[in-house]
Amino acid sequence: MSAVHHQPDGAAFDLVLLLHVGSAVAGLVTTAAATATATRLRRLLRASAPLPEPLRRYFRPGVNWAGRTVYGVPVFGFALVGMSQGAYALGDGWVLAGVVLFAAVALVAEGVLWPAERRLQTAVGGVASAAPVPGEASVERDARSMARAAGAALVLLVAAMVVMVAQP
């Protein structure tokens, strides 16, 4: 029989837990938005339709800071482990699984998703609503890469959330 540790509590722990969960939810929402937006862009490109203002706005040049909130997940997660007074440890299987899943999310986002998004910002962000999108083959390729990478990151984030809630 394994020893059952005291469940951590206190205002500071609760605040860090809220920040951890909030970062995960923000990452989930922004990744779902990236998936939907890239998929919509692909549909409009195939139909040779003009790009609506909200789509062009999404691809305005600049860093996707909302998407980067996902980095709060491991930061606050490690803080929670440190604040848990031994209730949780980096050696726990569910904690290790969460770290591995997050590392996979970061690799997909940094390696494929956000670079494709930056290229699309250059190609799509400044296009007038009635103007054709320049270099449509490369834009289609980047939209496909972005949609697939965002979808993969979304699956990984959901899997990490399931692991964190279930704590198997």
Side-chain angles (χ1 to χ4, degrees), residues 2-42 52-121 124-125 142-168:
S2 65
V4 176
H5 294 283
H6 170 66
Q7 180 65 30
D9 60 3
F13 186 88
D14 290 347
L15 177 62
V16 174
L17 180 60
L18 282 171
L19 292 169
H20 177 68
V21 170
S23 297
V25 170
L28 189 69
V29 169
T30 58
T31 305
T35 305
T37 304
T39 301
R40 183 170 183 214
L41 177 61
R42 289 185 70 201
E53 176 62 26
L55 189 70
R56 287 183 289 119
R57 234 186 356 253
Y58 180 91
F59 286 109
R60 269 193 307 230
V63 176
N64 179 353
W65 290 112
R68 298 324 192 271
T69 60
V70 74
Y71 281 111
V73 172
V75 169
F76 297 119
F78 287 127
L80 288 169
V81 169
M83 296 170 74
S84 74
Q85 300 175 359
Y88 314 129
L90 290 176
D92 292 344
W94 65 275
V95 174
L96 284 175
V99 170
V100 168
L101 287 166
F102 179 80
V105 168
L107 286 172
V108 168
E110 293 288 355
V112 183
L113 172 58
W114 293 329
E117 185 177 64
R118 280 190 298 276
R119 288 188 301 270
L120 287 169
Q121 288 173 341
V124 174
D142 286 333
R144 182 177 58 246
S145 294
M146 182 181 165
R148 288 180 179 169
L154 193 57
V155 168
L156 291 166
L157 282 169
V158 169
M161 287 179 166
V162 168
V163 167
M164 293 298 109
V165 171
Q167 297 179 6

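Atoms CG and CE, from L157 and M164 in turn, are 11.5 Å apart once rounded to the nearest 0.5 Å. Taken to the nearest 0.5 Å, the CG atom of L120 stands 15.5 Å off from the CH2 atom of W114. Note: T69 OG1 to L19 CG = 11.5 Å, rounded to the nearest 0.5 Å.
Within the 4.5 Å cutoff, side-chain heavy atoms of E53 are placed close to those of R56. In this structure the side chain of V70 reaches within 4.5 angstrom of the side chain of F102, judged on heavy atoms. Within the 4.5 Å cutoff, no side-chain heavy atoms of M146 are placed close to those of R118.
Sorted by first and then second residue, the ring pair (Phe, Tyr, Trp, His ring centres under 6.0 Å) pairs with a member in residues 144-168 form an empty list; sequence neighbours excluded. For residues 23-39, the set of pairs meeting the side-chain hydrogen bond (donor to acceptor under 3.5 Å, both in side chains) definition, not counting sequence neighbours, is empty.
Taking the ring centroids of F78 and Y88, they lie at or beyond the 6.0 Å cut-off.
Scanning all heavy atoms of the two residues, the minimum distance from G77 to H20 falls at N-ND1, 3.3 Å. Of all heavy-atom pairs between V108 and A152, the closest is CG1-CB, 4.5 Å. Between V163 and G98, the shortest heavy-atom contact is CG1-N, 4.4 Å. When all heavy atoms of A79 and V16 are compared, the closest pair comes out as CB-CG1, 3.9 Å. Shown here for L101 and L156, the closest heavy-atom pair between the two residues is CD2-CD2, 3.8 Å. Nearest approach of A38 to A143, heavy atoms of both residues: CB-O, 3.6 Å.
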Taking it one step at a time, do Y58 and E117 satisfy side-chain contact (heavy atoms from CB on, under 4.5 Å)?
CA-CA 10 Å; Y58 180 91; E117 185 177 64; 2.9 Å; yes
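Q121 places no side-chain N or O within donor-acceptor distance of the main-chain N or O of F59, the cut-off being under 3.5 Å.
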